[in-house]
Amino acid sequence: MIVSDTRAGVLSTHDDGVQSIRPRAGLIVASGDDDDVASGRLCLESPWGRYALGSMSQAAQEALTVWVRAGGEDLDSVLASATEPVRRQVFGTLHRLRHLVTRTFHSLSDGSRVHAGLQPLTATASYTVDGLTDEGLVRLADSSYLRSYQGALVLESPLTAHRAALYSATARQWLTSLADWRPLCELDGFDAAAELRVLTKHLHAAGFLAYEPASSEPGALAASMPEMWSFHDLLFHSRSRFGRHDYPFGATFAHLGTVPPEPAVRVSPTADGAGARIPLYRPDWDTVMERDPSLTVALEGRTSRRKSGAQPLSVRQLGEFLYRVGRIRGFSPPVPGVPYETTSRPYPGGGAAYELELYATVTRCSGLASGIYHYDPDRHELVQINKDPRLVEAVSHAAQIATGGTAEPDVVFSVTSRMRRLSWKYESMAYATTLKNVGALYQTMYLVGTAMRLAPCALGSGNADLVAEATGNDYLYECSVGEFILSSLDPAEGKTTSIGARDVNSADWVRRARALLEDESQ
Ligand SMILES: Cc1cc2nc3c(=O)[nH]c(=O)nc-3n(C[C@H](O)[C@H](O)[C@H](O)COP(=O)(O)O)c2cc1C
């Protein structure tokens, strides 16, 4: 093992002998464009783009080429016979491009015994190793988690730009012992204490570990989640956007050719075998045009209404509502770029996949028996899937609780997602997309409900297990992602709904819109 201060920058000198520097997965020598070839310039291609390394000497470029092409070779071995200026150039370049370097931490006595690896995940991945004192306390940061990935135990965090893989039993034992604060000197009880010290410093610098100097009171040790962020919210956020991870992202069509896409229209489930089909009312254009308020009146006059009117919602109103919110208006066959059948509906939907399904739990609706129904958006029919009064009551009660006990809704819509319809196309962003689609659907429901002078209200929480039981759906195949209640209008509620304690920005529009909605409903 060559020890040289030219490694400073990429590695701090006191770490020598423990780390190997290997090319990051996905780093290759690119063929280069004509200019690069003509000038003999080395081009490296990474998941984040191409780097033309023209300012290096020929010998340094050759050494880098050998190192990248060898894949798993330690840089020190490749540079074993290189001159000092070549080493300096190579290390200097890799210091600038340290997001292209994977570090592995191995045994001092046996270079083939690898304890851990640290892989950069982003083009800005970089850290500076600080000195940690032996008396200082370390533990896993609240944002860090261990999981099995590609056959290795990996340490990840939504706050770091690296992923660590723990290969040796001793590294795993040390890291799992850090569920609680431990002084760094406890490492002395571990096999390979010196190597694990170096690893611990790097994991701390990369953001996986919390550290408190010895002077901290045990009771005053800081929690390390960012303020006001829960672990799961932050993980979902970081993993469903570009930036803090290197997982496949976007419309990758990972299952194309191996698994057929989910069909555009779901066959209605029949949980208890009832399956009665109820054709719904189809409103006609002229009647709707005559009766509807303008967009601005619906938008400005819209408010969440949780009360029900004296008269129940009618099955005709339910039919019109569903027709205007969720029916299928057209089918398009698979085409290049969109290799699955799509549909057109009144609300927008990511990828036109329309993975959302509507289930109506009906407690009070004239012309329609109480029960749980699936909406068939192609045939514009309700299909009765469950009559069990216990489940009708449970779904309705859950909605009531979500409104703080104020609502006794005529109908509760459970919005479910056929996730496979999206995850067949999208990686990393399928669930986030379905939640965004729920938002688009909610606003459409609000506007149509308002235009029809009904009482609409979105709900922000629901019991996914209860909905799975009520609909007979598998929790993973089709999960509930939203709830919305709809009732007949209680005219008194709109009159008293506050706009706010202080009027700003044409608040009178709301009053004018509400007055128009009231007048026209007479
Ligand atoms: C995503 C979302 C979730 C909501 N969750 C609830 C809920 O669980 N319970 C409830 O009573 N209202 C819920 N609402 C209604 C909001 O409380 C309401 O939109 C907000 O107070 C603004 O009032 P407005 O709709 O009358 O303008 C929700 C609305 C949205 C868009």
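Each ligand, and each atom within it, is numbered from 1 in the order the structure gives.
The presence of a protein heavy atom under 4.0 Å from atom 30 (C) of ligand 1 is confirmed.
The nearest protein atom to atom 9 (N) of ligand 1, hydrogens excluded, is given as A402 O, 2.8 Å; this is a heavy-atom distance. Ranking the protein heavy atoms by distance from atom 19 (O) of ligand 1 puts S304 OG, 3.3 Å first. Among protein heavy atoms, the minimum distance from atom 8 (O) of ligand 1 is reached at G460 N, 2.9 Å. Looking at atom 10 (C) of ligand 1, its nearest protein heavy atom turns out to be R306 NE, 3.5 Å. Residue, atom and distance of the protein heavy atom nearest to atom 28 (C) of ligand 1 are A458 O, 3.4 Å.
Annotation: side chain of L358 is in contact with side chain of L441 (closest heavy-atom distance under 4.5 Å). Counting only heavy atoms from C-beta outward, the side chains of Y426 and F253 never approach each other to under 4.5 Å.
Using a cut-off of 4.0 Å between Lys/Arg side-chain N and Asp/Glu carboxylate O, R390 and E469 are scored as salt-bridged. Ion pair R316/E320 not flagged as a salt bridge, since none of the NZ, NE, NH1 or NH2 atoms sits closer than 4.0 Å to an Asp/Glu carboxylate oxygen. Using a 4.0 Å cut-off between charged nitrogen and carboxylate oxygen, E478 and R266 count as a salt-bridge pair. Taking 4.0 Å as the cut-off between side-chain N and carboxylate O, R24 and D246 count as a salt-bridged pair.
Considering both main-chain and side-chain atoms, R302 comes within under 3.5 Å of ligand 1 through a nitrogen or oxygen pair. Residue C457 has no N or O atom closer than 3.5 Å to an N or O atom of ligand 1. Taking only nitrogen or oxygen atoms, main chain and side chain alike, Y442 does not reach within less than 3.5 Å of ligand 1.
At a 4.0 Å cut-off, not a single heavy atom of R305 sits close enough to ligand 1 to count as contact.
Checked by atom type, the side-chain pair N473/Y359 shows a donor-acceptor distance below 3.5 Å.
The salt bridge (Lys or Arg N to Asp or Glu O under 4.0 Å) analysis of residues 343-359, with sequence neighbours excluded, yields the pairs E357-R418.
Of all the heavy atoms of A407, none lies under 4.0 Å from any atom of ligand 1, so neither backbone nor side chain is involved.
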